[in-house]
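Just so you know, ligand 1 is whichever comes first in the structure, and atom 1 is the first atom listed for that ligand. None of these values were measured; they are calculated from a predicted model.
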Amino acid sequence: MLYLPSLLSLAIAAQVALATPLKSRTAYEVKEIHQVPRKWSSQGRAPADHKLHMQIGLKQANFDELERHLNEVSDPDHPRYGQHLAVEEVHNLVAPSEEALDLVHEWLMTNGISEFNYSPAKDWINIYIDVRSAEHLLDTEYSVYEHEDGEHLVRTSQWSLPKHLHDLIDTIQPTNSFMRSSPQSTDWIQFEDKYTPPGYKPPTNATIAKVCNLASVTLECFNTLYGTLGYEQKATLLNSIGFTNYLNQTPIRPDIYGFLKLYNPPAAPEAFTFESVEIAGGPAAQDTPLTPAQAAADDFSKEAVLDAETILGMTFPIPVTSFSTGGSPPFEPDLNSPTNGNEPYLTWVTYVSGLKKIPYVISTSYVDDEQTVPKSYAQRVCQEFAQVGARGTSLLVSSGDFGLGNEDSTTCFTNDGKNSSTFLPAFPASCPYVTTVGATQQFEPEVAAFREPGIGFDGKTHGYYASGSGFSYYFPRPFYQDQVVPAYVEALNGKYKGLYNPEGRGYPDIAAQGLYFAFFWNQTLSTTSGTSASCPLASSVLALVNDALISQGKPTLGFLNPWLYSKGYKAFTDITAGNSSSCGVDGFPVTKGWDPVTGFGTPVFPEILELLECS
Ligand SMILES: *[C@@H]1O[C@H](CO)[C@@H](O)[C@H](O)[C@H]1NC(C)=O
Ligand SMILES: *[C@@H]1O[C@H](CO)[C@@H](O)[C@H](O)[C@H]1NC(C)=O
Ligand SMILES: *[C@@H]1O[C@H](CO)[C@@H](O)[C@H](O)[C@H]1NC(C)=O
Ligand SMILES: *[C@@H]1O[C@H](CO)[C@@H](O)[C@H](O)[C@H]1NC(C)=O
């Protein structure tokens, strides 16, 4: 397509030309091509007047420097360990250069775009334009794409920039990202339908046997297994924990109340008072029970309810914040009202990066196939997570519920248009600046979580469930994995060669229980499963660790992995068995030491405190 500026922007271009050199006129070249993922098909050109909230990611001037700070303040052997950065320090490190800002402004002005705003660090520019203008700006064509499940997105598979901007802009969205971060809770199953894993042996330890029941796993069981039972908090109001909601999910307070009333009565009133933050039009926490229409909608807010029940149940009275981010709205071709940012992760993380105080632990239970996200975008979102880590927050993310691949347990295809088979890593689980949490089941010993396909309480067929597992194609192995991951790969002895990236960031890092959590939703007790459950559970244990640290005047855990891989792993129970069958193969073996199914295993709270010298 030819680049045809409108008359108006030509006029502005003429003015700008007086002040600026020829650079603004460099020819457009393709900046990025990303295959349209499987299951999406084009339904034709997007309506010209459909509105887009476009986010332009400017190259951060000193990201390497930020990363150095992150690694130093997160390394227990470094003198700066725990000296987390203030918001201004982070913003100064990631701000783009003046030159980049000038040239990008000039480009927007010459295209008639004079209204924009910035992220707090000025590393993102937000503009609100229609498809026609976006097509001019990026020399591309947008289409409406439909997913097999009926969802629509307005996207393009490639976009271009004037040559002189290629090194100054990392990514622009929405263009070619098809990410749909979906919640990782697999099912909702009534007690009678329970699947008992083959070979299950009930616990013989009387303490565990008394409180841990496979059919409905409760807070008392978690507290017993992980050693948090009876811990008395001391730093309560100085501490904090949060969780994120996307896709219109939001906590349903009366359900959370019902759960706490059963399992942690003193916490119950908090169900109605914990903080709910709404970002970009995300829904507020709901004070009333589900309406019949809501209850009838598939999985309505189950993830948000699960996260809140687990976190409040485990950590009360630590102050809890729920973040509900709008975006990824249903695309309605006839509605030309402006829509929210379609990439809610980015919206959330840029919001949080601007806060003076961020909760010390934040749990996120949403993932998508890495391949649905263009590399440049995944890298930038991941870099934003690094900023949050540098501030002293531990970001925990579910590893996903589909083992090596996606919900089709037998076929795992890449996006290369040729139906090649590889394992499919998940994002943001694959980002090296987050701590990724896999799932376990059973108690003595805990093993990697796995469940055969079956029929749930809701009468629907549920696919298999295997704790998310793999190696990134986008992110190389981070330094902290240099000891354990090559050793694991070597021990595979060529198994699955060519189906995964042995040089990539392996995940998960740790694990926690993830089968048949007691769960209260629609005013009814049931159970639910998934790494979605494991992530808030592991987050809760770490928030209690922060309590001990804060109460002794020590810094919070912050970005966990450098500590975890050098020292912390000793305080985790190694998981050495279980099934990770997926993608039509047996899956990566669950072994002694780190493995890409359960990481270093499940937390042992008293041992973590001892290691950190704060018991
Ligand atoms: C039984 O489990 C509890 C809780 O994990 C533990 O404290 C206790 O030492 C165990 N008892 C035996 C005999 O292993
Ligand atoms: C939700 O609860 C109502 C009232 O008890 C019940 O009629 C309805 O069937 C429930 N819906 C689901 C999906 O469980
Ligand atoms: C890839 O697989 C899909 C679904 O099975 C099929 O429709 C398509 O034709 C295949 N494409 C190629 C290039 O084999
Ligand atoms: C894992 O599960 C798969 C699918 O149910 C089964 O075929 C396989 O035998 C199991 N492997 C182990 C080691 O239990």
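Distance check: Phe243 CZ to Ser540 OG gives 10.5 Å after rounding to the nearest 0.5 Å. Interatomic distance, Thr436 OG1 to Asp509 CG, rounded to the nearest 0.5 Å: 5.0 Å.
Taking distance alone, with nitrogen or oxygen atoms compared against 3.5 Å, Thr207 stays at or beyond that limit from ligand 1. At least one N or O atom of Asn522, backbone or side chain, sits closer than 3.5 Å to an N or O atom of ligand 2.
Here the protein heavy atom with the shortest distance to atom 9 (O) of ligand 1 is Asn205 ND2, 4.7 Å. Ranking protein heavy atoms by distance to atom 8 (C) of ligand 4, first place goes to Asn579 ND2, 3.8 Å. Thr224 O, 3.7 Å is the protein heavy atom nearest to atom 5 (O) of ligand 1.
Contact atoms of ligand 4 toward Glu452: 4 (C), 5 (O) (distance under 4.0 Å to a heavy atom of the residue). Atoms of ligand 4 found under 4.0 Å from any heavy atom of Phe450 (numbered from 1 in listed order, with element): 2 (O), 4 (C), 5 (O).
Under the 30°/60° scheme for interplanar angles, the aromatic rings of Tyr500 and Phe471 are found to be tilted.
Checking side-chain atoms of Ser581 against main-chain N and O of Asp586 turns up no donor-acceptor pair under 3.5 Å.
With a 4.0 Å heavy-atom cut-off, ligand 1 is reached by the side chain of Ile208 but not by its N, CA, C or O.
Residue Lys567 places its NZ atom among more than 12 non-hydrogen atoms of other residues, nucleotides or ligands, all under 6.0 Å distant.
The ring-ring contact (aromatic ring centres under 6.0 Å, His included) with Tyr257 is formed by just one residue from the set Phe274, Phe272, Tyr263; it is Phe272.
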